[in-house]
Amino acid sequence: MKTAKIIASLMLAICIIAVPSVVSKNVAAINASQVSSENKLTAKVEAGAYAAPTKTAAKSATMTAGESYEYISVYTGGDGVKWYLVTVGNARGWVCSSDVTVKGAAASDKMLTAKSAAGVYASPTKSSAKSASMVSGESYEYTSVYTGGDGVKWYLVAVPGARGWVCQSDVTVRASSSAETTKTTAKPTAKPTTTATTKPAVSATKSTLTAKSAAGVYAGPTKSAAKAASMTAGQSYEYTSVYTGGDGVKWYLVTVGNARGWVCASDIITEQESTLIARSAEGVYASPTKTAAKITSMSAGASYKYTSDYVGGDKVRWYLVSVGGKRGWVCSTDVITYDESVFTAKSAAAVYASPTKSAASVATMTSGAEYHYSSFYVGGDKVKWYLAEVGGKKGWVCSSDVKAKGEVFSGKAAYLTFDDGPSANTAKILDILDQYGVKATFFVIYRSGYENTYKQIVSRGHTLALHSYSHNYDTIYKSESAFYTDLAKLESYLKSTTGESPKILRFPGGSNNTVSRRGVMPALRSSVKSRGYLYYDWNVDSRDASEYRASESKIISSVRNGLGSKSQAVILMHDAPAKTTTVDALPEIITLLKQKGYTILPITESTPEVHFK
């Protein structure tokens with residue numbers, strides 16, 4: 001068991017280092033004013049600048065011997081070798097300390113070492129969103145220090161793949177007379193952290209948003225602050241800063257007329273998020289219903305911007321767009337939203353100047369990295385191509401080289417599912433999933449006091465799914481109507497707490513349970529889809545519910561035996577308060593799945609349903 005955990009830790013360290021495009025994307029978003037002009041290095045030889053802090057990574061560029069470069073960040077690996085992030089020509093990459101001569105205070109004394117795999121946060125408070133985790137024993141350079149009203153110091157660091165704040169209690173800081181200032185300053189505005197699995201940073205040239213309504217502009221990032229002005233519905237504004245609060249809600253700093261203030265993400269649409277891609281040549285209607293007059297049609301694969309959205313009584317969302325100078329409504333089922341326009345690179349495949357592999361290559365993707373596409377094209381050979389920006393270059397990628405979101409995964413897929421939470425165990429599970437870079441599905445019930453945990457499940461990119469509100473079998477399985485009454489209560493709570501309206505469901509006890517009243521379960525299985533839900537059972541049981549607290553070894557063994565030769569494994573686990581051994585077993589289960597060639601995915605509405613026979 002100890003050997004497996006050591007191997008898992010080593011794999012985690014390797015994964016954290018091997019993130020070439022992630023690092024370059026994130027650091028590119030750092031304001032140039034944060035970089036000291038004293039941070040200079042000189043190339044000893046004609047050495048390479050690499051996509052990640054290792055010479056096994058792809059070479060981004062080559063430095064010129066004797067030439068000086070400014071470095072933006074410093075990273076020290078587990079082997080003690082220091083790497084510097086520099087810009088060489090139009091390329092950005094990591095150079096090894098052995099190849100350069102360094103000068104500048106930051107290179108020598110603004111360093112700290114992680115005491116443990118502690119969190120890196122979006123702002124200097126542990127109630128803010130967690131951007132990443134440090135590697136225990138690793139050294140990092142910090143670029144700023146903040147001391148809060150409680151006297152606790154926070155350090156701004158760049159770890160591979162993320163940038164954020166670490167607490168003084170989690171690190172050992174190198175003693176220095178000049179590197180650190182103890183002056184208490186105003187709390188910094190949290191800036192969004194961009195990783196390979198989140199939305200890319202907003203373009204520095206113009207960051208705009210559009211008002212959904214005549215919503216308020218506030219003096220601070222909260223609706224309890226004084227109202228400074230009101231936006232005009234449908235009008236666009238430029239924002240200069242973004243702040244994410246402890247509740248996960250984003251706020252944007254804008255200027256409206258002569259007033260400057262904060263607007264809530266729920267009241268606006270950002271330039272990126274307002275992009276829709278037509279799935280096919282579907283209609284644009286005079287009002288948000290397909291019984292209305294058809295104004296015009298969209299073009300398959302073309303991009304459109306929407307300025308407003310509407311959800312009808314049938315819970316179907318509609319978007320207001322302009323197509324060929326005509327303004328009308330398009331149905332959400334006919335378009336691909338920004339959140340859906342994502343693909344993952346299967347390998348380090350080429351990006352082409354036009355949608356054919358005979359065209360010139362303009363960039364190379366990073367294997368495993370996620371990208372957003374803005375359009376697609378299907379040629380005469382029926383091959384689909386996606387238009388995307390990779391490393392600052394816009395070009396076409398072939399569908400055979402990527403896995404697009406929403407498409408059924410054709411390889412071996414494993415789905416980690418957790419029932420009966422949230423609890424204190426859920427937070428630990430979320431941290432482990434972050435460390436291994438995988439997503440899971442949480443079939444939740446109602447538990448008081450865990451509002452932030454429900455939000456964290458959503459904000460960290462996992463699937464929030466329905467189990468029941470009460471989890472009382474006598475109540476929910478009394479009748480069909482009793483079940484849906486209980487479920488509606490959970491849906492309402494999750495909507496008000498997280499903004500999410502899940503439609504993925506797991507019946508307590510599974511769809512073949514014998515505790516429901518005679519005839520109730522068959523009726524539910526029959527009616528659930530017509531009510532807009534998808535339900536999922538499981539085909540691998542971890543057996544963590546077979547006793548109050550099953551042993552870690554039993555849980556791991558049950559998963560290993562249950563996998564067999566399955567190409568799609570939906571694994572049942574629990575994150576209820578007593579299931580501490582499930583938390584303990586999770587790292588080895590993830591490692592086992594990866595060793596067996598499974599891609600670990602969250603359940604989505606495009607995932608094939610798994611039902612008991």
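Taking Ser501 as the reference, nothing meets the side chain to side chain donor-acceptor pair (under 3.5 Å) condition, with sequence neighbours excluded. Trp538 is linked by a ring-ring contact (aromatic ring centres under 6.0 Å, His included) to Phe612, counting only residues two or more places apart in sequence or in another chain. Contacts of Tyr373 classified as ring-ring contact (aromatic ring centres under 6.0 Å, His included), with partners at least two apart in sequence or in another chain: Tyr386. Qualifying side-chain contact (heavy atoms from CB on, under 4.5 Å) partners for Thr581, counting only residues two or more places apart in sequence or in other chains: Arg549, Ile555, Asp584. Partners of Lys428 according to the salt bridge (Lys or Arg N to Asp or Glu O under 4.0 Å) rule, which considers only residues two or more places apart in sequence or in another chain, do not exist here. Here Tyr469 pairs with Tyr446 under the ring-ring contact (aromatic ring centres under 6.0 Å, His included) rule; sequence neighbours left out. Every residue two or more places apart in sequence or in another chain that forms a ring-ring contact (aromatic ring centres under 6.0 Å, His included) with Tyr454 is listed here: Tyr493. In terms of the salt bridge (Lys or Arg N to Asp or Glu O under 4.0 Å) criterion, residue partners of Asp431 (sequence neighbours excluded) are, by chain and number, Lys130, Arg460. Residues forming a side-chain contact (heavy atoms from CB on, under 4.5 Å) with Ala228 (at least two apart in sequence, or on another chain): Ala259. Residues satisfying the salt bridge (Lys or Arg N to Asp or Glu O under 4.0 Å) criterion with Arg279, sequence neighbours excluded, are Glu340. Listed by chain and residue number, Lys478, Ser479 satisfy the side-chain contact (heavy atoms from CB on, under 4.5 Å) test with Ala482 (two or more places apart in sequence, or in another chain). For Asp419, the salt bridge (Lys or Arg N to Asp or Glu O under 4.0 Å) partners at least two apart in sequence or on another chain are Arg506.
If you check the side chains of Thr463 and Lys439, you find no donor sitting under 3.5 Å from an acceptor. Residues Thr582 and Asp544 have side chains that bring a donor and an acceptor to within less than 3.5 angstrom of each other. Thr210 and Gln235 form no side-chain donor-acceptor contact under 3.5 Å, judged by distance and modelled atom types alone. A donor and an acceptor atom, one from each side chain of Gln568 and Tyr598, are nowhere located under 3.5 Å apart. No donor-acceptor contact under 3.5 angstrom links the side chains of His611 and Asp537, judged on distance only.
For the pairing with Phe507, the ring-ring contact (aromatic ring centres under 6.0 Å, His included) check across Tyr477, Phe483, Phe443 returns one residue only, Phe483.
Under a 3.5 Å cut-off, the side chain of Asn425 and the backbone N or O of Pro577 do form a donor-acceptor pair.
Note: Tyr484 and Tyr533 have parallel aromatic rings, judged against thresholds of 30 and 60 degrees for the angle between ring planes.
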